[in-house]
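Heads up, the thing below is written out as structure tokens.
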Number of protein chains: 2
Amino acid sequence: MLTPDPDPGPLDAVEPAQAERFSHARTAQSQALLEDYTEMIDDLIRETGEARITDIARQMGVTHPTATKAVARLKREGLAVSRPYRGVFLTETGAEMAERVRGRHRVVVDLLIAVGVPAEAAEIDAEGIEHHVSAATLRAFEDFLKGRG
Amino acid sequence: MLTPDPDPGPLDAVEPAQAERFSHARTAQSQALLEDYTEMIDDLIRETGEARITDIARQMGVTHPTATKAVARLKREGLAVSRPYRGVFLTETGAEMAERVRGRHRVVVDLLIAVGVPAEAAEIDAEGIEHHVSAATLRAFEDFLKGRG
DNA sequence: ACAAAGATGTAGCCATGTCTACATTTTTGC
DNA sequence: GCAAAAATGTAGACATGGCTACATCTTTGT
Ligand SMILES: [Mn+2]
Ligand SMILES: [Mn+2]
Ligand SMILES: [Mn+2]
Ligand SMILES: [Mn+2]
């Protein structure tokens, strides 16, 4: 192809950006499970003093081997530690993630409610939405909420 | 355990609802890929007259075997049809999904911008957020936007 | 018409995340 | 202290969604 641009068509210019967006969304999604488990384990520890595999599984709505595998991934990624037949604990990194994720979750729920989403729908949808809220978007949400005191 | 409620703890009441939310988010996520491919194939057909595997792959930012597998799933779910070495076409069901998904995507982007999210961040984040926006939330978004002329 | 280039198909690898089934360990209740 | 119950571990199946490598078909250019 010696003429590299034989009528680009309306799509060619937008293509790379769109592909990048899809790719970005896939990456965000791959973090979602880690974020949810981390936040939830932190919740369990705060509220019950420990996070057992059974509790984690029940809270996530999965079977216990699924929870075990998820915790294995958390450990592999340096977010949690655990020893056989003992509870799961967050590393410092994990605790920081839990902190950050909890705050973002709350802001997302509040934002949804602030624009008129019914509370129950806000709670449900936020659980998925939160993982795709970037730092820039989070900041905008916070500013919007602030301007409503 | 004869005493089935030996101090419920603050968490037990909230547990089932939370598990249900996580479960709901997982289900929504399993639809995300179908929605994105369907919308995007419809875009390609509108703008270039057809949707070839290579174009689909490039637009999604994946390799062509990945696109082929995704299209196989679309066909299996009754959203698309295709024949070897020919383009991909949407069924009536697929076209309806594309229509719905396109509208929701636009509303999500507009809502994000309306609450102050920078346009580029809105475009990026919407690609992931959209799949977790329920009918109730979408309606609220539309109402909010309406009340802004 | 035909060779080269491009598009598509297909096989098979890997990682993730779900499950069921079964084994083992720990905790509980008496 | 010990048997039963509960919790945890582990194996292995299945589905999904990425990828590379290679085979085959179609389109293009001369
Ligand atoms: Mn979540
Ligand atoms: Mn959350
Ligand atoms: Mn999307
Ligand atoms: Mn979209």
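Computed from a predicted structure; not experimentally measured. Note that these values count all heavy atoms, side chains included, but never hydrogens, waters or copies made by symmetry.
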Which residue lies toward the 5' end of DNA chain C, A:T66 or B:R83, if each is placed at its nearest nucleotide? B:R83

Check the side chains of B:S30 and B:T27 for a donor-acceptor pair under 3.5 angstrom, ignoring hydrogens and angles. no

Heavy-atom contacts, protein to nucleotides 21-28 of chain D, under 4.0 Å, summarised as B (base), S (sugar-phosphate only) or - (none) per nt, yield B--BSSS-

Through direct or indirect side-chain contacts below 4.5 angstrom among Ile, Leu, Val, Met, Phe, Trp and Tyr, which residues connect to A:I113? A:V109

Strand contacts (DNA chain C) in residues 68-78 of chain A, 4.0 angstrom heavy-atom criterion: A:K69, A:R73, A:R76

Restricting to pairs with a member in residues 60-71 of chain A, which pass side chain to side chain donor-acceptor pair (under 3.5 Å), not counting sequence neighbours? A:T63-A:T66

Qualifying ring pair (Phe, Tyr, Trp, His ring centres under 6.0 Å) pairs, either residue in residues 65-112 of chain A, two or more places apart: none

Rounded to whole Å, CD of A:E35 lies from P of C:dG17 at a distance of 12 Å

Euclidean distance, atom CE of residue B:M60 to atom P of D:dC19 [Å, nearest integer]: 11 Å

Do NZ/NE/NH1/NH2 and the carboxylate oxygens of B:E99 and B:R46 come within less than 4.0 Å? yes

Over all strands shown, is A:T63 touching base, sugar-phosphate only, or nothing at heavy-atom distances under 4.0 angstrom? base

To the nearest angstrom, the CD1-P distance between A:I56 and D:dG9 comes to 10 Å

With sequence neighbours left out, the residues meeting side chain to side chain donor-acceptor pair (under 3.5 Å) with A:R26 are none

Going by salt bridge (Lys or Arg N to Asp or Glu O under 4.0 Å), name the residues that satisfy it together with B:E50, two or more places apart in sequence or in a different chain. B:R52

Scan residues 111-140 of chain A for pairs that pass ring pair (Phe, Tyr, Trp, His ring centres under 6.0 Å), counting only residues two or more places apart or in two chains. A:H132-B:H132

Quick one: which residue pairs count as a salt bridge (charged side-chain N to carboxylate O under 4.0 Å, His left out) with a foot in residues 109-133 of chain B, not counting sequence neighbours? A:R21-B:E120

Would you please confirm or rule out a distance under 4.0 Å between OP1 or OP2 of C:dG6 and any side-chain N or O of B:T54? no

B:Q31 has an atom CD; how far is it from atom C1' of D:dT16, in whole Å? 13 Å

Measure from CZ on B:R58 to P on D:dC19 and round the result to the nearest Å. 15 Å

Output the rounded distance in Å from CD (A:Q29) to P (D:dG17). 11 Å

